[in-house]
Amino acid sequence: LAMLLTQIQVMSEEIKERARHKAFAKISFIELENRTYKRDIKAGGDGRLSVDLLKTCLRSNERELLTWQYIAKLIETDE
């Protein structure tokens, strides 16, 4: 029984670590996208999307970023 509990605890830590990596990767990607949106907005568009659409995408991504930051916080504080 003790061995089974140890295996479950190890699996739980591995899952938590994987979740942490996924959350921080997603945060990094969204931050990169936001920098690109801001650059393209400043340039007057990217040639495919209008400035208005880029601004909409940026606002949406900013909300998404807050969500993923909250998820990362929950993962970090989970005991």
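When a residue number appears, it is its place in the shown sequence, counting from 1. Any value given below was found using the heavy atoms of this structure, including those in side chains, with hydrogens, waters and symmetry copies removed. Note that the structure is predicted; figures quoted are calculated from it, not measured.
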What is the distance from atom [atom1] of [X] to atom [atom2] of [Y], rounded to the nearest 0.5 Å?
X: R20; Y: E13; atom1: CZ; atom2: CD; answer: 7.5 Å
X: K16; Y: E76; atom1: NZ; atom2: CD; answer: 7.0 Å
X: E62; Y: Y37; atom1: CD; atom2: OH; answer: 11.0 Å
X: R35; Y: I30; atom1: CZ; atom2: CD1; answer: 12.0 Å

Handout entry: same_hphob_cluster(L58, W68) at 4.5 Å side-chain heavy-atom cutoff
Key = no
Problem - L66 reachable from I27 in the ILVMFWY side-chain graph, under 4.5 Å edges - result: no
Exercise for the section: Would you list the pairs meeting side-chain hydrogen bond (donor to acceptor under 3.5 Å, both in side chains) in which at least one residue belongs to residues 22-33, sequence neighbours left out? Expected result: E33-N61
Donor-acceptor pairs are to be reported for all side-chain atoms of residues 38-48 against protein atoms at under 3.5 Å, with residues two or more places apart or in another chain.
| from | atom 1 | to | atom 2 | distance (Å) |
| --- | --- | --- | --- | --- |
| D46 | OD1 | R48 | N | 2.9 |
| D46 | OD1 | L49 | N | 2.7 |
| D46 | OD2 | R48 | NH2 | 3.2 |

Exercise for the section: Determine yes or no for a side-chain-to-main-chain donor-acceptor pair under 3.5 angstrom, with S60 supplying the side chain and T56 the backbone. Expected result: no
Practice task
Using the test side chain to side chain donor-acceptor pair (under 3.5 Å), find all partners of T36 that sit at least two apart in sequence or belong to another chain.
Solution key: none
Practice task
Locate the shortest heavy-atom distance separating A72 from F24; write the atom from each residue and the value.
Solution key: CB-CZ, 3.9 Å
